[in-house]
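Only one structure is covered here, and it is reproduced in the block below.
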Amino acid sequence: MGYAVYCFNLVPERNVRLAIFGLKIIGYSKAQGKLEGLSIKTNRSDVENYAKKSVSTIEAVESRLQTIVSSGVHEFRNVNKDLYNTAYALESDLSNSYNIQCSHREAAKSIVELSEMMKSRSDIFDVITNPSIAQIKDQNVHVYRAFDRARKSMMSSSMSRKLRLEMSGSSNSRAKAVQMFDVVPYIILQNAAKYSPDNNNIEINIEEFENNIVARTSSLGPVLLDDELVQVFSPGFRGKRAQDFESQGSGMGLFVVKRLIDFCDGAQIKLAQGGPSVFFHDREFKFTTVSVTLSIAA
């Protein structure tokens with residue numbers, strides 16, 4: 001047809017190519033013909049730069065998605081392994097009459113906790129891959145009970161690190177939220193436990209006001225720089241100090257929490273740090289609070 005054609009190897013190993021056939025390239029077209037967008041007057045380097053920029057964006061998104069999937073699958077495998085080992089230990093204990101009932105209860109608690117962890121990770125995938133599910137409303141969310149369930153499910157694993165999950169306050173009202181809200185307290189508490197130094201407190205406070213309910217989770221967390229504080233809810237973000245931890249994270253937890261909170265009518269979430277720095281094993285921590293505010297249902 002006589003119009004410009006540009007071809008780029010998108011995935012060389014699969015022989016996948018991107019071809020642009022004589023169409024208007026946004027930002028580069030200098031067409032002066034009567035039919036706008038049917039011809040291109042520009043140089044080859046401009047077209048190449050535009051195409052490569054588009055391709056690099058696609059590659060970055062695909063790379064990030066692959067990282068998330070790989071991290072999720074790896075975590076699923078680890079949790080499933082722990083779940084199997086705990087169930088196997090419980091079965092062995094039950095076959096021996098001399099084992100006391102207390103050990104059975106602890107094993108059962110561990111199984112419940114691992115099951116909740118699996119559920120929260122499944123919900124994360126749902127929020128990322130199928131946002132429409134995450135937007136289904138629920139006018140009957142009991143915020144206090146949701147955080148208390150999350151706290152109780154983590155008690156067993158927290159004991160090994162001497163982390164104390166303490167809850168205060170009260171609320172009997174229901175809140176406007178989404179059906180998947182239960183994953184919010186699990187992610188927030190798991191995040192707090194992941195980055196907290198051993199032998200410390202994680203404090204959950206639920207406070208009810210006239211029109212809303214505020215849930216605050218406070219713990220010691222890695223220091224965030226000023227420019228990092230505004231990015232904590234961005235997908236894939238992990239602060240520089242958080243990256244020093246041995247525990248692997250996808251940086252998607254708080255992003256998923258923020259997205260779910262955004263789907264709740266009149267809700268908001270904030271993260272703040274304050275107080276003096278505290279050092280454990282040459283790592284700098286600060287008092288970190290995640291606050292979730294929800295509107296009370298009519």
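- Closest of all the heavy-atom pairs between L225 and K240 is CD1-CD, 4.3 Å.
- Under the 4.5 Å side-chain heavy-atom criterion for ILVMFWY residues, no single connected hydrophobic cluster contains both F287 and L271.
- Side-chain N or O atoms of R161 include one that pairs as donor or acceptor with a backbone N or O of A193 at under 3.5 Å.
- Look at R259 and D262 and you find no salt bridge, because none of the NZ, NE, NH1 or NH2 atoms lies under 4.0 Å from a carboxylate O.
- Clustering ILVMFWY residues whenever any of their side-chain heavy atoms sit less than 4.5 angstrom apart, transitively, puts V184 in the very cluster that holds M167.
- In the displayed structure, N172 atom CG is contacted under 6.0 Å by at most 12 heavy atoms of other residues, nucleotides or ligands.
- Note: R174 CZ to I213 CD1 = 9.5 Å, rounded to the nearest 0.5 Å.
- Considering only residues two or more places apart in sequence or on other chains, F209 meets the ring pair (Phe, Tyr, Trp, His ring centres under 6.0 Å) condition with none of them.
- Atom-to-atom distance recorded for L229:CG and K270:NZ is 13.5 Å, nearest 0.5 angstrom.
- Distance alone, capped at 3.5 Å, places no donor-acceptor pair between the E203 side chain and the R216 backbone.
- Side-chain polar atoms of R283 and Y195 form no donor-acceptor pair below 3.5 angstrom.
- Within the 4.5 Å cutoff, the side chain of N200 has no heavy atoms near those of the S219 side chain.
- F285 is not connected to V223 by any chain of hydrophobic side-chain contacts under 4.5 Å among Ile, Leu, Val, Met, Phe, Trp and Tyr, and they are in different clusters.
- Across F255 and P235, no two heavy atoms sit closer than the pair CD1-CD, 3.6 Å.
- Salt-bridge formation is not detected for the pair D198/K162: no Lys NZ or Arg NE/NH1/NH2 atom is positioned less than 4.0 Å from an Asp or Glu carboxylate oxygen.
- Counting heavy atoms from C-beta on, the side chains of I269 and V292 come closer than 4.5 Å.
- Hydrophobic clustering of Ile, Leu, Val, Met, Phe, Trp and Tyr side chains at less than 4.5 Å, counting indirect connections, keeps V143 apart from V214.
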